[in-house]
**Q** 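Sending over a structure as structure tokens; questions will come in a sec.
Numbering of ligands and ligand atoms starts at 1, following listing order. Along the sequence shown, residues are numbered consecutively beginning with 1.
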Amino acid sequence: MLSEPFLQAEPIMITLEERGYESFLVGGAVRDFFANRPIGDIDIATNATPEEVQRIFPRTVPVGIDHGTILVLHNGFSFEITTYRTEGEYDDYRHPSDVSFVKDIKLDLSRRDFTINAIAMDRHGNVLDPFDGKIDLENQIIKTVGSPNERFSEDPLRMLRGVRFVSQLGFQMDSDTEQAIKQLHRLLQRISVERITDEISKLFTHHYINSALNIVSVTNMDRSLPIFDEQEHLFEKLKTIKFHESLNHAGIMFAIFHLLDPNISVQKWIKTYKVSNRIRRKALHLINNYNDYQEKGLTKPVIYSIGKDHLYDFYQLIGLLDLVNLKFNVLLDSYEHLPIKSRDDLVINGQDFINWFPNEKKGKWIGDYLDQIEKLIITEELRNNRDEIESRVREWKARERG
Ligand SMILES: Nc1ccn([C@@H]2O[C@H](COP(=O)(O)OP(=O)(O)OP(=O)(O)O)[C@@H](O)[C@H]2O)c(=O)n1
């Protein structure tokens, strides 16, 4: 019998078997299930070819057809179905050069990165675990399937994945696996920076960041990571930060990287790591507010400018960099007590200025006035009240006209 979290995959597995193919649950979902963790995306391995999978299921997306993966949509769920295969070397983003499809699930498992990721389960719940992944899960060990040199040469990103799993699961790294990283980390330089950014970002959004950084340190892997490779002092500084919890967002990570040494520009980090827009926006916002906060302290305008959506991220950032002993609730409370939370809360807008001064040409003064009014209201020097704002603005205009 399949356990509850996998039941959604049962109809897919039954369909494959009715057509005469094998099917096994594999990968991270099986690992997480046996580690008693919530499972993520469900991966299924089969001996049907990608074309056959496309023929069998009505709704499919060829997400990685060259290396054998078809996404199957069914009943509101999606499943990645991958044909049994062995890898060639990865030479591009998520793209091994010479994938060979194989007949046997055991061969497929033998090409996978770590023993804990090489457990398969059939639809009756029978487990196939030729590399003792379950024992390694119990002993909390990250160990490659077979030779670490082979596994890491096939795809050097696996070295970084291993460290990410340390951060995610809090496991130890097996000593031969660690030793191989020490020897092979330079191969990471062959990997596309997008894949590297993706893995590093995941590392920091999991819990055991310091354990993971410790392995990066003992294996000297930082010497093969962009920018860290030329600026050794950066990783030394990074190591001294005590990460008590996972970062809420990868943007905080890039904010930290830049703030470790502000002489290395944000642009350099963003360009080198090809940071996504979402992460870039967050990092820039946090950095600007952090610099303001350094200059002025946690004033009302600074808290206003951070904004509610970024408040927890900012709280994490200052906690990590400045060891500020501040409770998040206190910061949230200061935010909640701001007289306005955004410009939309102002009782007036640019049109009111135009109405008050119909003979005045429209122009930059409107924006400037709005900025000033907004600031005075945030600092409670003026109330968010139409009449009071109007009379203040009329005073300014009168003064301007002399
Ligand atoms: N470089 C890689 C990437 C993936 N895999 C195999 O493909 C499976 C699925 O990979 P992926 O979805 O990238 O990661 P997960 O292990 O599922 O981890 P998570 O879902 O937590 O990211 C892995 O478990 C592993 O068996 C591998 O051997 N080598």
**Q** Give a yes/no on ligand 1: does R31 have at least one heavy atom closer than 4.0 angstrom to it?
**A**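 Distance cut 4.0 Å: R31 passes for ligand 1.
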
**Q** N/O of D32 under 3.5 Å from N/O of ligand 1, yes or no?
**A**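 Between D32 and ligand 1 (N or O atoms, distance only) the closest approach is not under 3.5 Å.
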
**Q** Determine, using heavy atoms of D43 and all atoms of ligand 1, whether some pair is separated by less than 4.0 Å.
**A**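 It does; at least one heavy atom falls under 4.0 Å.
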
**Q** With respect to atom 5 (N) of ligand 1, which of R112, R151, R161, M159 exhibits the smallest heavy-atom separation?
**A**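 When every heavy atom of R112, R151, R161, M159 is considered, R161 comes closest to atom 5 (N) of ligand 1.
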
**Q** Any idea which part of F152 is under 4.0 Å from ligand 1, heavy-atom wise: side chain, backbone, both or neither?
**A**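 Neither part.
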
**Q** Using a distance-only test with no angle check, is there a side-chain donor-acceptor pair under 3.5 angstrom linking T82 and T69?
**A**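 T82 vs T69: donor-acceptor pair found between side chains.
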
**Q** Should the ring pair F353 and W356 be called parallel, tilted or perpendicular, given that the plane angle runs from 0 to 90° and is split at 30 and 60?
**A**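 Ring orientation, 0 to 90° scale: perpendicular.
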
**Q** Relative to ligand 1, is D155 under 4.0 angstrom through side chain, backbone, both or neither, heavy atoms considered?
**A**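 Side chain only.
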
**Q** Determine, using heavy atoms of R164 and all atoms of ligand 1, whether some pair is separated by less than 4.0 Å.
**A**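 The answer is yes: ligand 1 sits under 4.0 Å from a heavy atom of R164.
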
**Q** Are F257 and F204 near enough that their ring centres are under 6.0 Å apart?
**A**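 When the ring centroids of F257 and F204 are compared, they turn out to be within the sub-6.0 Å range.
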
**Q** Between the side chains of Q168 and Y208, does any donor sit under 3.5 Å from an acceptor?
**A**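 There is no such pair between these side chains.
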
**Q** If the cut-off is 4.0 Å to any non-hydrogen atom of G27, which atoms of ligand 1 fall inside it?
**A**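 By the 4.0 Å cutoff, the relevant atoms are 24 (O).
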
**Q** Keeping S167 on the side-chain end and L203 on the backbone end, is there a donor-acceptor pair under 3.5 Å?
**A**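 It does hold such a pair.
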
**Q** Go through the steps for Y84 and F101 under the test ring-ring contact (aromatic ring centres under 6.0 Å, His included), then give the verdict.
**A** CA-CA 6 Å; Y84 300 158; F101 294 134; 10.0 Å; no

**Q** Taking only heavy atoms of R158 into account, list the atoms of ligand 1 that are under 4.0 Å away from them.
**A**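 What qualifies from ligand 1 is 1 (N), 2 (C), 27 (C), 28 (O), 29 (N).
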
**Q** Indicate the ring-plane relationship of W396 and Y369, choosing parallel, tilted or perpendicular according to the 30° and 60° boundaries.
**A**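 Answer is perpendicular, since the angle exceeds 60°.
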
**Q** So for F114, does at least one of its heavy atoms come nearer than 4.0 angstrom to any atom of ligand 1?
**A**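 Flag not set, F114 not near ligand 1.
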
**Q** Is there a heavy atom of Q168 sitting under 4.0 angstrom from any atom of ligand 1?
**A**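 Distance cut 4.0 Å: Q168 passes for ligand 1.
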
**Q** Whether K268 and E230 form a salt bridge (side-chain N of Lys/Arg under 4.0 Å from carboxylate O of Asp/Glu) is what I want to check.
**A**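 Salt bridge between E230 and K268, a charged N being under 4.0 Å from a carboxylate O: yes.
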
